[in-house]
Each structure stands twice: as C-alpha cells, then as structure tokens.
Amino acid sequence: MSFAVHELPRAKEDKRQIVEWLLERSRPGAAAWLTAYDDVVERLEQNADSYGEALENADCPLVDVRQTLFKTRRGRVYRIVFFIERTEVYVLRVRGPGQPPLKPDEIDLK
C-alpha cells in the first residue's frame, strides 16, 4: 500500500530546529541528516502501517500513534512520531537523541 506523508506544523518546527542545530556544528552533518530523514519518509510512503506503537500511544486515544527510528552515519538515533488516517501519514513530531517521550500536551493532531 502507498501512503502520502504530511508533516504537521510542530514536526516541521522540530525538523527546522534539528537542522539549524546541526548546521551550526557541521554543514555536511546537516545534509546527511536531511538525507537520512528523506529516506525514512520514503519508507513511510511505502509501508507506514508496518511500524509499531509509540510510547505516546497510551496518552492519545483519538488516533493510533506510531513511531519509526532512523540513524545518522554517526549512529545518533532520531524518532519520527506519526499516525495514519486511511492512506495519509501525518508526522506529529521529530525527536532527537536523549529527548524524552512526548507529553500529552505536546501532541497536536492539527
């Protein structure tokens, strides 16, 4: 099954902040992160329904909150938190290494 992936505003902001932080330290690192992010979005487009529940799912009764992990070349693990509605994938947030699970008020379905 094929899915259309949409980034919600908070996910776009998370992505922007991560890229800005990386750019201050390493332009090639930021470019590599964007490539890794784009690769995981492609995987979501192909099989988003194969990824498991996120920890946050227990706090969000309206939708089934899922997650996927991806790594950079340096081995840092990032997490995309999303939900699926029919053939649409909505990226709720992008989390970096060491960031705690989202609190209920940090999950915005719009």
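Each residue takes its place number in the sequence, starting with 1.
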J.: With heavy-atom distances below 4.5 Å as the criterion, would you say the side chains of I84 and D64 are in contact?
T.: no
J.: side-chain contact (heavy atoms from CB on, under 4.5 Å) between N57 and Q67: does it pass, once the steps are laid out?
T.: CA-CA 10 Å; N57 191 54; Q67 69 178 9; over 6 Å; no
J.: Can you name the closest pair of heavy atoms from R66 and S50 and give their distance?
T.: NH1-N, 4.3 Å
J.: Show your working on salt bridge (Lys or Arg N to Asp or Glu O under 4.0 Å) between E13 and R16 and close with a plain yes or no.
T.: CA-CA 5 Å; E13 180 60 18; R16 185 192 64 74; 2.3 Å; yes
J.: Hey, does the side chain of R93 reach the backbone of E106 with a donor-acceptor pair shorter than 3.5 angstrom?
T.: yes
J.: Are L44 and Y51 packed together at the side-chain level, in the sense that at least one heavy-atom pair is separated by less than 4.5 angstrom?
T.: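 Counting from C-beta outward, L44 and Y51 do come under 4.5 Å.
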J.: Is it the case that one hydrophobic cluster holds both V77 and W21, taking links as side-chain heavy atoms less than 4.5 Å apart, direct or via other members?
T.: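 No; tracing contacts between hydrophobic side chains, which count when under 4.5 Å, never links both residues.
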J.: For R10 and L92, indicate whether the former's side chain and the latter's backbone hold a donor-acceptor pair under 3.5 Å.
T.: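 No, R10 side chain to L92 backbone: no donor-acceptor pair under 3.5 Å.
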J.: Given side-chain contact (heavy atoms from CB on, under 4.5 Å), test F3 with D49 step by step and report yes or no.
T.: CA-CA 9 Å; F3 297 91; D49 53 353; 3.8 Å; yes
J.: Quick one: closest heavy-atom pair of F82 and V91, and the distance?
T.: CB-CA, 4.0 Å
J.: Among the clusters formed by ILVMFWY side chains lying less than 4.5 Å apart, do L69 and W33 turn up in the same one?
T.: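 In one cluster: no.
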J.: Between V65 and C60, which heavy-atom pair has the shortest distance, and what is it?
T.: CG2-CB, 3.7 Å
J.: Between E56 and R79, does any side-chain N to carboxylate O distance fall below 4.0 Å?
T.: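 Between R79 and E56 there is a salt bridge, with a charged N closer than 4.0 Å to a carboxylate O.
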J.: Would you say that I80 contacts Y37 through its side chain, given a criterion of any heavy-atom pair below 4.5 Å between the two side chains?
T.: yes
J.: Kindly indicate whether the side chain of D14, heavy atoms from C-beta on, has any atom under 4.5 Å from the side chain of E7.
T.: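 No - every pair of side-chain heavy atoms lies 4.5 Å or more apart.
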J.: If you count the non-hydrogen atoms of other residues, nucleotides and ligands that lie under 6.0 Å from CZ in R27, is the total more than 12?
T.: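 No, the 6.0 Å shell around CZ holds no more than 12 heavy atoms from other groups.
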J.: Under 3.5 Å, is there a donor on one side chain and an acceptor on the other for E42 and Q46?
T.: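 Per modelled atom types, E42 and Q46 side chains form no pair under 3.5 Å.
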J.: Which heavy-atom pair separates V94 from A11 by the least distance, and what is that distance?
T.: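 Minimum heavy-atom separation between V94 and A11: CG2-O, 4.0 Å.
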J.: Please name the pair of heavy atoms, one in A30 and one in V19, separated by the smallest distance, quoted to 0.1 Å.
T.: CB-O, 4.1 Å
J.: Are L23 and Y78 co-members of a hydrophobic cluster defined by side-chain heavy atoms under 4.5 Å apart?
T.: yes
J.: Specify the closest pair of heavy atoms between R43 and F70, including all atoms of both residues, with the distance to one decimal.
T.: NH2-CB, 4.3 Å
J.: Just by distance, do the side chain of S26 and the backbone of L22 share a donor-acceptor pair under 3.5 Å?
T.: no
J.: Without swapping roles, check the side chain of E88 against the backbone of E85 for a donor-acceptor pair under 3.5 Å.
T.: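 No, the answer is negative, given that no donor and acceptor are paired below the 3.5 Å cut-off.
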